Structure formats: C-alpha cells, structure tokens
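As structure tokens, the structure follows; a few thoughts come after it.
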Amino acid sequence: MKIRIKGNSIRLRLTKRDVQALRETGKVTESTVVSPGNVFTYILQKNTEAPKMHCTFADGNMTVHLPHDKLCILIYTDEIGVQDYADNGEEGGLLLLVEKDLKCLDTTSEDQSDMYDNPKTSC
C-alpha cells in the first residue's frame with residue numbers, strides 16, 4: 001500500500017496483494033520508521049458499522065476506516081477506487097481516496113508485477 005498526503009487529502013493505493021489481504025483479513029498495514037523509536041503506521045481497516053469513510057489518528061497510527069459498501073466495490077468490482085469526505089473540522093473536510101495501484105504507462109524502475117493493468121494504453 002502506498003500513501004500520498006497533500007493538504008486535506010489522503011490517497012491510498014493498493015496492489016493486488018493488498019486487496020487480497022483486505023478481502024481475507026479486513027486490514028492492510030504499512031509502516032515507515034521516521035527516526036529511531038518513531039514509527040508512522042498507516043492502516044486501511046474495514047469498518048462494517050461506519051456509514052462512510054473516516055480517518056482516525058493516535059499514537060503515530062493513522063487509520064482509514066472503510067465501510068462495507070466501499071469495501072465490496074474495491075474487492076468485487078473492476079472499479080478503480082472509492083472516496084468520501086470526512087469531517088475534520090475544516091471547511092471542505094478531509095478527502096479520503098482509496099484506489100487500486102495501476103501499472104505505469106511510461107518507463108519506471110519500480111516493480112509493477114503486483115499492480116493492476118492500466119485501462120489506458122498510452123499517456
């Protein structure tokens with residue numbers, strides 16, 4: 001799982017293995033060691049009781065909660081992504097976007113074997 005944070009938006013991109021883990025366990029986790037003893041962990045967690053996507057943050061752990069309907073879209077359809085706006089006390093809210101990671105169309109040195117085929121054929 002990859003993360004991109006910009007302003008009031010959080011974007012998570014999932015490989016095929018991430019989607020499989022989400023299907024099997026209801027959770028995907030990644031961690032980054034920022035410095036000794038300081039770890040930033042981001043989690044995508046199914047939350048069948050949540051009416052919409054939302055985000056929590058505590059003790060260096062950021063969790064994006066995914067309701068059942070959004071989970072099913074990611075797991076069982078060809079849809080690329082799901083999104084919601086969560087209340088964060090700011091005007092406009094927090095954009096939460098979870099999408100399948102697509103293979104790049106241009107040259108890259110990144111291993112793309114676990115990514116989804118890009119429906120576009122050129123840039």
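The structure displayed is predicted, hence computed values, not measured ones. By convention here, the first residue in the shown sequence is residue 1.
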Legend entry - Reported CG-to-OG1 distance for the pair Asn61 and Thr41, which is rounded to 0.5 angstrom: 4.5 Å

Inset, instruction - Tell me who clusters with Val33, hydrophobic residues only, linked when side chains sit under 4.5 Å apart either directly or through other members. - result: Val39

Inset, instruction - Kindly state each residue pair satisfying ring pair (Phe, Tyr, Trp, His ring centres under 6.0 Å) with at least one member in residues 4-23, sequence neighbours excluded. - result: none

Legend entry - Partners passing side-chain contact (heavy atoms from CB on, under 4.5 Å) against Glu91 (at least two apart in sequence or in another chain): none

Legend entry - Test side-chain hydrogen bond (donor to acceptor under 3.5 Å, both in side chains) applied to Thr25 - qualifying residues, sequence neighbours left out: none

Inset, instruction - Can you sort out the partners of Arg11 under salt bridge (charged side-chain N to carboxylate O under 4.0 Å, His left out), two or more places apart, ordered by chain and number? - result: Glu99

Inset, instruction - Would you kindly confirm whether Met1 and Val34 end up in one hydrophobic cluster when ILVMFWY residues are joined by side chain heavy atoms under 4.5 Å apart? - result: yes

Legend entry - Other cluster members, Ile43 - Ile/Leu/Val/Met/Phe/Trp/Tyr, side-chain contacts below 4.5 Å: none

Inset, instruction - Output every pair passing ring pair (Phe, Tyr, Trp, His ring centres under 6.0 Å) with a member in residues 27-49, not counting sequence neighbours, ordered by first then second residue. - result: Phe40-Tyr42

Inset, instruction - Work out which heavy atom in Ala86 is nearest to a heavy atom in Leu96; give both atom names and the distance. - result: CB-CD1, 4.0 Å

Legend entry - Sole candidate of Arg4, Arg17, Arg13 that passes salt bridge (Lys or Arg N to Asp or Glu O under 4.0 Å) when paired with Asp101: Arg13

Inset, instruction - Using side-chain hydrogen bond (donor to acceptor under 3.5 Å, both in side chains) as the criterion, list what pairs up with Thr56, not counting sequence neighbours. - result: His65

Legend entry - side-chain hydrogen bond (donor to acceptor under 3.5 Å, both in side chains) involving Glu49 - partner list, sequence neighbours excluded: none

Inset, instruction - May I ask you to decide if Glu90's main-chain N or O and Asn88's side chain share a donor-acceptor pair within less than 3.5 Å? - result: yes

Inset, instruction - Say whether Leu94 and Ile5 are linked into one hydrophobic cluster, either directly or through other cluster members, by side-chain heavy-atom distances under 4.5 angstrom. - result: yes

Legend entry - Nearest-0.5 Å distance, CD1 of residue Ile3 to CE of residue Met62: 3.5 Å

Enumerate, atom names and distances included, each donor-acceptor pair closer than 3.5 Å involving a side-chain atom of residues 66-80, sequence neighbours excluded.
| unit_1 | atom_1 | unit_2 | atom_2 | d |
| --- | --- | --- | --- | --- |
| Lys70 | NZ | Gln83 | O | 3.2 |
| Thr77 | OG1 | Ile73 | O | 2.5 |
| Thr77 | OG1 | Glu79 | N | 3.1 |

Legend entry - Closest heavy-atom pair and its distance - Val64, Cys55: CG2-SG, 4.3 Å

Inset, instruction - Could you pull out all residues at least two apart from Ser35 that satisfy side-chain hydrogen bond (donor to acceptor under 3.5 Å, both in side chains)? - result: Asn38

Inset, instruction - List for me each residue that meets ring-ring contact (aromatic ring centres under 6.0 Å, His included) alongside Tyr85, sequence neighbours excluded, and say none if there are none. - result: none

Inset, instruction - Looking only at non-hydrogen atoms, find the nearest pair between His54 and Ala50 and report the distance. - result: CE1-CB, 3.8 Å

Inset, instruction - Report the residue from Val98, Leu44, Leu95 that forms a side-chain contact (heavy atoms from CB on, under 4.5 Å) with Met53. - result: Val98

Legend entry - From Leu22 atom CG to Gln45 atom CD, the distance as rounded to the nearest 0.5 Å: 9.0 Å

